[in-house]
Amino acid sequence: MTADRLVFDAADESETSLLGTALAESLPDGTVVALCGTLGAGKTRLVQAIAEASGVDRRDVVSPTFVLVHEYRGRRTIHHVDAYRLRDESEFLDLGVEEYFEDEGLTLIEWADRVEGCLPADRIEIDIEITGPDSRQFAIVARGEGYARVIEDCRRRLQQ
Ligand SMILES: Nc1ncnc2c1ncn2[C@@H]1O[C@H](COP(=O)(O)OP(=O)(O)O)[C@@H](O)[C@H]1O
Ligand SMILES: [Mg+2]
């Protein structure tokens with residue numbers, strides 16, 4: 001396994017919450033996280049876990065499929081974007097995402113593969129596979145310099 005890639009098998013939702021906590025603690029301010037995986041994979045569920053670990057009430061976190069973007073204020077701001085319904089990348093940019101990329105909050109993007117050309121070169125990518133009714137596999141990759149350390153940090157927190 002290379003240093004900038006982490007594969008985490010969650011046996012159930014509580015383990016997905018553990019991953020969310022480890023990510024909330026290891027992602028630096030301003031990180032953009034690209035979430036990929038089929039419908040029902042757990043993209044929204046992982047955002048809930050990260051938000052909850054950041055001091056946001058989990059019930060406030062719902063899929064932004066219709067409004068496209070939500071903002072949660074916990075210990076830091078979380079921008080939650082869903083690209084599922086966007087027709088093209090210009091609609092994504094119209095949401096003002098480049099402003100989010102610049103600010104110190106986290107930006108978590110569901111269906112990020114649909115807007116890949118607009119994403120910053122430095123980002124964390126998380127691919128989610130459904131491995132069973134309650135189990136999911138999360139493949140976490142660091143893109144760009146500087147984020148390899150985040151993967152190591154996250155791995156260390158998960159092992160504790
Ligand atoms: N280990 C797990 N991690 C995340 N979600 C899980 C897990 N096991 C079961 N689920 C269920 O899978 C579904 C994931 O839905 P959701 O997060 O909305 O998916 P997406 O946003 O990728 O379409 C939820 O109903 C959740 O309860
Ligand atoms: Mg979703």
Side-chain angles (χ1 to χ4, degrees), residues 1 5-27 31-97 100-101 105-120 123-143 150-151 153-160:
M1 190 188 288
R5 186 164 190 269
L6 165 62
V7 176
F8 179 76
D9 285 294
D12 55 28
E13 283 191 43
S14 72
E15 292 192 359
T16 297
S17 290
L18 291 180
L19 176 63
T21 301
L23 285 166
E25 290 169 353
S26 47
L27 296 175
T31 307
V32 174
V33 180
L35 295 160
C36 305
T38 187
L39 204 64
K43 300 179 293 298
T44 302
R45 185 64 189 80
L46 183 63
V47 173
Q48 285 177 335
I50 295 170
E52 195 171 26
S54 305
V56 176
D57 187 332
R58 193 213 287 187
R59 289 168 299 186
D60 290 344
V61 181
V62 289
S63 177
T65 302
F66 294 101
V67 292
L68 306 173
V69 53
H70 284 162
E71 189 175 288
Y72 316 117
R73 290 186 186 276
R75 277 184 286 283
R76 58 185 166 185
T77 300
I78 295 176
H79 306 286
H80 181 193
V81 187
D82 192 324
Y84 186 65
R85 277 169 198 277
L86 298 178
R87 255 176 298 143
D88 52 34
E89 293 190 332
S90 73
E91 268 191 16
F92 181 64
L93 296 175
D94 287 345
L95 297 173
V97 289
Y100 305 155
F101 297 164
L106 295 180
T107 302
L108 310 176
I109 306 165
E110 298 193 34
W111 297 102
D113 42 325
R114 300 191 176 202
V115 291
E116 205 180 339
C118 299
L119 301 179
R123 60 182 187 262
I124 297 288
E125 270 177 27
I126 304 182
D127 282 291
I128 312 174
E129 295 280 342
I130 300 175
T131 50
D134 295 317
S135 60
R136 302 289 187 269
Q137 184 174 81
F138 297 85
I140 306 166
V141 178
R143 300 253 179 241
V150 175
I151 301 291
D153 190 16
C154 187
R155 192 196 314 277
R156 190 175 46 74
R157 289 176 194 280
L158 284 168
Q159 283 164 353
Q160 276 170 1

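When a ligand or atom number is given, it counts from 1 through the structure's own listing order. As a basis for the values below, the full set of heavy atoms in this structure was taken, side chains included, without hydrogen atoms, waters or symmetry mates. Here the structure is a predicted model, which means the values were calculated and not measured.
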Exercise. Rounded to 10°, how many degrees is the angle OG1/T44-the Mg ion (ligand 2)-OE1/E110?
Worked result: 90°
Do [X] side-chain atoms and [Y] backbone N/O form a donor-acceptor pair below 3.5 Å?
{"X": "H70", "Y": "V62", "value": "yes"}
{"X": "S54", "Y": "I50", "value": "yes"}
{"X": "R155", "Y": "L6", "value": "no"}
{"X": "S26", "Y": "A22", "value": "yes"}
{"X": "K43", "Y": "T38", "value": "yes"}

For this session: In plain terms, say whether E129 and R136 are close enough for a salt bridge, that is, a side-chain N and a carboxylate O under 4.0 Å apart.
Result: no
Exercise. Got the residues with a heavy atom under 4.0 Å of ligand 1, by chain and number?
Worked result: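 Lining ligand 1 at under 4.0 Å, by heavy atoms, one finds D12, E13, T16, T38, L39, G40, A41, G42, K43, T44, R45, E110, P133, D134, R136.
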